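Below you'll find the structure, written out as structure tokens, and then a few comments.
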There are 2 protein chains.
Amino acid sequence: MIYNSVDCVIFGFIDEKLKVLLIKRKNDPQKGLMALPGDFLDADVSIYNSAENTLKKITSLEDIYLEQIRAFGEIDRYPDKRVITISYYALINIEHYTPQAGYTAEKLEWCDIDALPELAFDHKDIINIAHKRLKRRVRNEPIGFNLLPEEFSLTNLQQLYEAILQTELNKRNFRTKINQMKLLIDTGKKQENVAHKPAKLYRFDENIYENLKEDGFYFNL
Amino acid sequence: MIYNSVDCVIFGFIDEKLKVLLIKRKNDPQKGLMALPGDFLDADVSIYNSAENTLKKITSLEDIYLEQIRAFGEIDRYPDKRVITISYYALINIEHYTPQAGYTAEKLEWCDIDALPELAFDHKDIINIAHKRLKRRVRNEPIGFNLLPEEFSLTNLQQLYEAILQTELNKRNFRTKINQMKLLIDTGKKQENVAHKPAKLYRFDENIYENLKEDGFYFNL
DNA sequence: CCAAAAGTGTTGTTGATACACCCATGT
DNA sequence: ACATGGGTGTATCAACAACACTTTTGG
């Protein structure tokens, strides 16, 4: 007998750092350990919908960026039973986030991507592979915006990319590239109550992106 | 009840074209249609090993480049039963290939990637996604060599890339880039019995690649 | 000696990188 | 007035694209 589960790597951008939302397991196996939120799969739910359901249960969010990573199917990855898990990663805007511990989790916690605690099963591998995928994706598609508030400064955006890619980027060149793409809309607003020149705030416009994509657009950082 | 299967998209490079190896289904459902080779998953076999087994049964090949694409889990992708399939793609060198129709297939056939016949289930989607993945991978890692004979000319290599990427490449620039990478070893041999200047034959050296990779190597076409 | 494909030299353009400077705001 | 981070101008250099040319073989 083979069981299927769906696990979610939920990324958030908090305090200029890339974080993953983890649960503390309430039940055995691996009770007490931190783990990815997830569920066993029902026969009448598609895997994508199952990931959406998990996400909604945990964060109360819908219509979130969600992409499958892959299936993890080593024989002994789960004790006693044969469980193949299909994992997804999600990008959420923490402005909209409402935490919800729920029935499988004792508590929820945002963990720094490069300071993960001990994790249940093969969940650390899954997170690492999710992070690799995110690094690649973020270079070719402007999905990073899903992690930011609706209005953000160019510095916010640069810090996000630095956190994801784990490198430092040159300010001048980063801004030139972003401007060339013409993806951002100036909201006309500025930061307030900051002890320096206030930054302009921008919005990402999905429509502009869709139009650009038709001409064979390539988001290159 | 949920069933799991593993399907393989087997790529080959024949007559300057990228091909996929398909079977003609011997049994219902979808008897008579062309489909990807694959099997139901046993509870005591890892998904990777299951893909390897399918590959061996069909092609008699072992130690082949094999990478998971992802799981396909729509509710109605398979008639009557709920079957989630996990698909892999493989790159084989047709020099070494021994066809083997076996028990699920009436016959085997290499089909041109851009002239696929009608296919069973969602297998056309799977092939398209496999091809997209191959296009991306081939730009960042020198996996293309798995599709070529051990000794090949630069023109062979260029034609392979053109077939995979479905574009034309400039001869001069292609060769310059390949040379810059210093991945190829000159075998000292040349083509024979050709009515033009014979091309030099090269080998790809895995060791050189492994060394380069440590310095953060990037195969950029 | 001709056809065919292998293989090379060169040049203008584009884009990445680096560095230094000015600007607006709160304290 | 000054500390702080926002925002811009520009020179240099490496990478890319494009084109035309020479070379070696079989017939």
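Only a predicted model underlies this, so the values are computations on that prediction, with no experimental measurement involved. Naming: A, B, ... by sequence-line order, numbering from 1 per chain.
Relative to the side chain of B:N173, the nucleotides D:dA17, D:dG26, D:dT24 differ in distance, and D:dA17 lies closest.
For C:dT8, neither phosphate oxygen OP1 nor OP2 lies less than 4.0 angstrom from any side-chain nitrogen or oxygen of B:K171.
With DNA chain C read from its 5' end, the first of the two nearest nucleotides for A:V194 and B:Y202 is the one closest to B:Y202. In terms of position along DNA chain D, the nucleotide closest to A:P198 lies nearer the 5' end than the nucleotide closest to the other residue of the pair B:E192 and A:P198.
For B:R175 and D:dA18, the CZ to P distance is 18 Å, given to the nearest whole Å. Between the P atom of D:dG7 and the CG atom of A:L184 lies a distance of 12 Å, rounded to the nearest Å. Atom NZ in B:K197 sits roughly 10 Å away from atom P in C:dA6 (whole-Å rounding). Between A:R172 atom CZ and D:dG7 atom C1' there is a gap of 8 Å when expressed in whole angstrom units. Regarding B:H196, its NE2 atom lies at a distance of 20 Å from the P atom of C:dC2, rounded to whole Å. The distance from atom CD of A:Q180 to atom P of C:dG15 is 7 Å, rounded to the nearest whole Å. Atom P of nucleotide C:dC23 and atom NZ of A:K200 are separated by 15 Å, given to the nearest angstrom. The distance from atom CZ of A:F174 to atom P of C:dA18 is 16 Å, rounded to the nearest whole Å.
Shown here for B:Q159 and B:F13, the closest heavy-atom pair between the two residues is C-CZ, 3.8 Å.
We find that B:R77 and B:D125 are not joined by a salt bridge, their nearest charged nitrogen and carboxylate oxygen being 4.0 Å or further apart.
Between A:F145 and A:F204, the angle of the ring planes stays under 30°, which puts this pair in the parallel group of the 30/60° scheme.
In this structure, B:R172 fails the cation-pi test against B:F174, since its NZ or CZ atom is not both closer than 6.0 Å to the six-membered ring centre and inside 45 degrees of the ring normal.
In this structure, A:T155 reaches the sugar-phosphate backbone alone: every heavy-atom distance under 4.0 Å involves primed, P, OP1 or OP2 atoms, never a base.
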